[in-house]
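Accompanying notes for the structure given below.
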Amino acid sequence: MDVYRAESVAIMELVRGLAGEAVEQVSVDEAYLEVTEQVGGEGGHDEMIRRAVPMAEAIKAAVRRERGLAATIGVGPNKLTAKIASSSFKPDGLTVVLESGKAAYLRPLPAGAIHGVGKVTEAALARAGLVTVGDIQDCQDDLRAYVGSWWGELRRMAFGEDDRPLDFSDDIRSVSSENTFARDTADRAVLRGCLREQAEEIAGRLQRHRLAAVTVQVKVRYSDFTTLTRQVSMEEALEDASSIYRLSCWLLGRHRLVARPLRLIGVGVTGLRAVTMRQLVLPFMETRR
DNA sequence: TCTGGGGTCCTAGGACCC
DNA sequence: TCTGGGGTCCTAGGACCC
């Protein structure tokens with residue numbers, strides 16, 4: 001995994017060198033680039049998009065030359081269209097969607113092509129008779145009953161409308177660790193050992209990011225795939241493995257979650273905040289006594 | 001496919017307060 | 001003592017993404 005991470009860092013460096021710093025990295029192998037400034041603001045949207053194509057070609061060539069890998073790139077007027085364009089020809093594709101052609105480009109695609117439409121929403125849309133993005137474009141009804149309050153935005157997206165800005169923040173909202181057992185178990189020693197390791201892993205990640213957490217959550221899954229979570233919030237944020245471990249044990253006991261064997265056990269923390277000076281100083285003072 | 005792991009965001013319901 | 005409504009916070013579950 002570290003190999004992937006290192007490769008990802010190298011490629012993102014390469015991309016920044018060619019396209020500028022406006023890069024939103026979504027995962028190890030995916031990023032959005034905002035290149036409006038580089039291509040210049042003159043001309044219509046279509047002209048600007050066409051001027052971005054040579055840059056996309058240069059990035060593809062550099063990634064192949066310097067990292068020996070194929071990159072797939074979608075060029076479009078916004079994140080939605082660029083994302084869909086990039087997934088249309090993998091690997092090694094370069095797909096361009098113009099502002100003037102975006103609605104037509106999306107029409108024949110399945111509804112699930114839209115970012116945020118997963119299995120459940122796709123099935124709900126199909127029940128309403130909407131299978132393709134074109135069906136959504138043509139639908140005049142209010143389908144909030146099927147897909148919830150998201151309907152208005154979904155309909156705009158079906159036409160390729162998307163004004164989400166790139167998100168450059170690297171804020172972490174939660175940290176978690178979980179394990180699925182090869183065989184379901186209710187063995188307390190096994191479960192405690194697992195929780196301890198997970199708590200240590202989480203504490204390590206928190207400390208690397210200088211974060212502490214207010215809320216600790218445990219997650220269990222049984223043989224029938226029933227999955228439960230239980231959480232507890234503290235007044236003071238905590239960051240050490242033993243506190244996270246103790247609270248997760250307490251949650252398991254308090255809610256009697258190990259009444260039957262577990263297939264999965266996990267721990268997570270949320271309500272993250274920067275570690276304060278006092279929290280940094282306290283353990284130090286204790287060790288000096 | 002009898003289902004891995006690490007995330008984000010949204011929603012519904014309950015507790016609590018005024 | 002029971003009752004109403006609104007706001008806020010917390011909890012739990014689920015949809016979705018990579």
Side-chain angles (χ1 to χ4, degrees), chain A residues 1-2 4-5 7-8 11-12 24-32 72 74 79-80 82-84 86-87 90-91 110-127 144-154 157 162 164 166-184 194-195 197-206 208-209 211 213-235 237 244 247-248 250-252 254-257 261-272:
Chain A
M1 196 58 196
D2 286 343
Y4 281 103
R5 238 167 254 292
E7 190 57 47
S8 172
I11 291 176
M12 291 304 159
E24 174 188 342
Q25 187 166 356
V26 183
S27 65
V28 270
D29 66 349
E30 197 172 311
Y32 291 104
T72 305
K79 290 167 80 168
L80 172 83
K83 161 87 180 158
I84 293 177
S86 77
S87 43
K90 275 188 177 176
I114 295 176
H115 197 78
V117 177
K119 267 191 199 162
V120 175
T121 307
E122 200 168 17
L125 288 169
R127 264 181 269 124
R144 271 180 292 187
Y146 286 83
V147 300
S149 61
W150 194 45
W151 171 241
E153 197 189 335
L154 176 59
M157 286 176 122
D162 174 23
R164 288 172 300 161
L166 264 61
D167 180 2
F168 304 124
S169 72
D170 53 359
D171 294 351
I172 300 170
R173 297 211 156 49
S174 66
V175 176
S176 65
S177 172
E178 62 186 56
N179 277 93
T180 299
F181 300 114
R183 285 175 54 195
D184 301 357
C194 202
L195 283 181
E197 273 180 29
Q198 291 168 343
E200 278 165 10
E201 195 188 320
I202 290 166
R205 272 188 264 165
L206 285 178
R208 250 170 277 140
H209 293 282
L211 291 170
V214 168
T215 304
V216 174
Q217 181 182 73
V218 293
K219 172 176 173 179
V220 297
R221 176 171 292 155
Y222 302 104
S223 56
D224 63 355
F225 220 69
T226 304
T227 307
L228 302 179
T229 61
R230 292 293 181 268
Q231 66 184 57
V232 61
S233 297
M234 306 283 106
E235 274 184 30
I244 297 170
L247 282 170
S248 39
W250 180 79
L251 280 166
L252 282 186
R254 158 149 199 219
H255 297 283
R256 306 197 183 288
L257 297 176
L262 303 186
R263 169 168 301 181
L264 171 151
I265 193 163
V267 185
V269 295
T270 56
L272 305 186

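Residue numbering restarts at 1 for every chain, and letters A, B, ... go by the order of the sequence lines.
Pairs passing the salt bridge (Lys or Arg N to Asp or Glu O under 4.0 Å) check and including a residue from residues 170-182 of chain A, sequence neighbours excluded, read A:E178-A:K219. Among residues at least two apart or in separate chains, salt bridge (Lys or Arg N to Asp or Glu O under 4.0 Å) pairs with a member in residues 220-234 of chain A are A:D224-A:R260.
When the salt bridge (Lys or Arg N to Asp or Glu O under 4.0 Å) test is applied to A:D184, the partners found at least two apart in sequence or on another chain are A:R263. For A:E24, the salt bridge (Lys or Arg N to Asp or Glu O under 4.0 Å) criterion is met by A:K79, not counting sequence neighbours. Residues passing the side-chain hydrogen bond (donor to acceptor under 3.5 Å, both in side chains) test with A:S87, sequence neighbours excluded: none. Partners of A:E30 by salt bridge (Lys or Arg N to Asp or Glu O under 4.0 Å), not counting sequence neighbours, listed by chain and number: A:K83. Scanning for side-chain contact (heavy atoms from CB on, under 4.5 Å) contacts around A:E200 gives A:R196, A:A241, with sequence neighbours left out. Residues meeting the salt bridge (Lys or Arg N to Asp or Glu O under 4.0 Å) test with A:R205, sequence neighbours left out: A:E201. In this structure, the side-chain contact (heavy atoms from CB on, under 4.5 Å) partners of A:N179, at least two apart in sequence or on a different chain, are A:C194, A:Q198.
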(Q) What verdict does the side chain to side chain contact (heavy atoms under 4.5 Å, CB included) test give for A:W150 and A:T121, after you've listed the backbone C-alpha separation in whole Å, the side-chain angles of each residue and the deciding distance to 0.1 Å? (A) CA-CA 10 Å; A:W150 194 45; A:T121 307; 4.2 Å; yes
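Each of A:W150 and A:E178 has a nearest nucleotide on DNA chain B; the 5'-most of these lies closest to A:E178. In terms of position on DNA chain B, the residue among A:T180 and A:S174 whose nearest nucleotide sits closer to the 5' end is A:T180.
Using a 4.0 Å cutoff to heavy atoms of chain A, the contacted part of DNA chain C runs 5' to 3' from C:dT11 to C:dC18.
Contacts of A:K219 with the nucleic acid, taken as non-hydrogen atoms under 4.0 Å apart, are absent. At the heavy-atom level, A:S149 lies under 4.0 Å from the strands shown only through sugar-phosphate atoms.
Remark on the helix from B:dG5-C:dC18 to B:dC18-C:dG5: inter-end axis angle 10°, axes from five-pair C1' superpositions, rounded to 10°.
Across the P atoms, C:dC18 and B:dC2 are found 25 Å apart, a figure rounded to whole Å. B:dT3 and C:dC17 are spaced 23 Å apart, taking the P atom of each and rounding to whole Å.
Taken residue by residue, residues 221-231 of chain A places heavy atoms nearer than 4.0 Å to DNA chain C at A:L228, A:T229, A:R230, A:Q231.
Counting only heavy atoms from C-beta outward, the side chains of A:Y222 and A:L262 approach each other to under 4.5 Å.
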